[in-house]
Amino acid sequence: MSTPQPPLQQAAPGAPYAGYTSPIPVVRTHLGHALASEWTKIKSVRSTMWTLGVFVLLVVGIGLLAGALVAANTSTESDLGDESALTLGFFGLLLGSMCLITLGVLTTASEYGTGMIRTTMAACPTRGRVLAAKAIVFFAVAFVVTLVAAGLVAFVHVGMVTNAREPSGEEWLRGTVGVSLYVALLGLLSLVVGSIVRHSAGAITIMIATVLAPLVIAMFMFASSLEDLRQALFEYSIPNQMSVFYANSLSESGPSGWEPLWIILGVTAAAFACAYALLEKRDV
């Protein structure tokens, strides 16, 4: 004989389910939850560690190589002129910035390529909050890693190249914190472009062209009628703006001091506003 089953409990009026209470407390989500989610994503993806590892290898490796070559081939202070040893960190950081550009694009565009963005938006329907969380987490990671790598190279260069001029306090600040903020914002701009384009290869191509194209195009503008445009491309190209933090600009005019940081900050803010507006209008 079959054991009689107890009768189903009737649901109370207005209650969707009867006799069940979830052990998980129901709380209103906020930005902290989105930050925790994005931090879990960025630290658990293997490509993040590989990309950041290559970035540190390029910045430190090329920086130390440049410092060793200069130290071995200079015997007096006049060989380096009035330059400090901090300028030698520019080469590795310029090449390493390509890694942060790639990582920034993949932080957003890869989710659209794999379809993971649907799960993300289902968990957090507030799209602006998702974009803000991605931007905050990525910027923090990029800035800290860049600051550590650039600071290490700067300290080694000053100790290695003894014939160079002693850098001032402001030069130390711009050559470590300033350039790290600039590179992190460049990576953040890549993240925003990835959100706008929603295609990894396309967004990476756009960002690499943004970094290299103005400088390359200006090199082949030989006509005198294009001299003003050529000079502007040189002055406001991203490599030249990065070199300004090391007091080693390609031209005597153009951005100086902390101006490149305000330029990249304004461009990134405008791109972020555009990405937010498109995110609210588009379907996932």
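This chain uses plain numbering: 1 for the first residue, then up along the sequence.
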Checklist entry - Out of curiosity, Leu189 CG to Met207 CE, how far, rounded to the nearest 0.5 Å? => result 4.0 Å
Next on the checklist: Is there a side-chain contact between Phe55 and Thr146 in this structure, where contact means two heavy atoms from C-beta onward sitting under 4.5 Å apart?
Outcome noted: yes
Item to check | Minimum side-chain heavy-atom gap Val141-Thr48 below 4.5 Å | outcome: no
Item to check | Non-neighbouring partners of His30 that pass ring pair (Phe, Tyr, Trp, His ring centres under 6.0 Å), sequence neighbours left out | outcome: His33
Item to check | Side chain to side chain, Leu103 and Phe138, heavy atoms closer than 4.5 Å | outcome: yes
Next on the checklist: With a 4.5 Å cut-off on side-chain heavy-atom distances among I, L, V, M, F, W and Y, is there a chain of contacts connecting Leu95 to Leu65?
Outcome noted: no
Checklist entry - Are Lys41 and Glu38 within salt-bridge range, i.e. N to O under 4.0 Å? => result yes
Checklist entry - What heavy-atom pair brings Thr51 and Cys99 nearest, and what distance separates the two atoms? => result CG2-O, 3.2 Å
Checklist entry - Considering all heavy atoms of both residues, which atom of Glu111 and which atom of Thr107 are nearest to each other, and what is their separation? => result OE2-O, 4.0 Å
Checklist entry - Is Arg230 reaching over with its side chain to a backbone N or O of Ala218, donor-acceptor style, under 3.5 angstrom? => result yes
Checklist entry - Honestly curious: do Leu106 and Val54 fall in one hydrophobic cluster under the side-chain, below-4.5 Å linking rule? => result no
Checklist outcome for this item: In short, Val60 meets Val153 closest at the heavy-atom pair CA-CG2, 3.7 Å
Next on the checklist: Over 60° means perpendicular and under 30° means parallel, so tell me whether Phe220 and Phe222 are parallel, tilted or perpendicular.
Outcome noted: perpendicular
Next on the checklist: Could you check, using the six-membered ring where one of them is a Trp, whether Tyr182 and Trp258 have ring centers closer than 6.0 angstrom?
Outcome noted: no
Next on the checklist: How close do Ala109 and Ser200 get, counting heavy atoms only, and between which atoms?
Outcome noted: CB-OG, 3.6 Å
Checklist entry - Would a 4.5 Å heavy-atom cut-off, applied to side chains only, mark Met49 and Lys43 as touching? => result yes
Next on the checklist: Is it the case that the side chain of Arg198 and the backbone of Tyr112 share a donor-acceptor pair, with hydrogens and angles ignored and the cut-off at 3.5 Å?
Outcome noted: no
Checklist entry - Are Leu278 and Met121 linked, directly or through other ILVMFWY residues, by side chains that come within less than 4.5 angstrom of each other? => result yes
Checklist entry - When hydrophobic residues are tied together by side-chain contacts of less than 4.5 Å, even through go-betweens, does Val45 share a cluster with Leu131? => result no
Next on the checklist: Quick check: do Ile196 and Cys274 have side-chain heavy atoms less than 4.5 Å from each other?
Outcome noted: yes
Next on the checklist: Can you tell me if Trp172 has over 12 outside heavy atoms packed within less than 6.0 Å of its CH2?
Outcome noted: yes
Checklist entry - In Å and rounded to the nearest 0.5 Å, what is the CG to NZ distance from Leu191 to Lys134? => result 7.5 Å
Checklist entry - What about Leu233 and Ile264, same hydrophobic cluster or not, with Ile/Leu/Val/Met/Phe/Trp/Tyr joined at side-chain heavy-atom distances under 4.5 Å? => result no
Next on the checklist: Test your reading of the model: is there a side-chain donor-acceptor pair from Ser37 to the backbone of Ala34, 3.5 Å cut-off?
Outcome noted: no
Checklist entry - For Tyr276, does the OH atom have more than 12 heavy-atom neighbours from other residues, nucleotides or ligands under 6.0 Å away? => result no
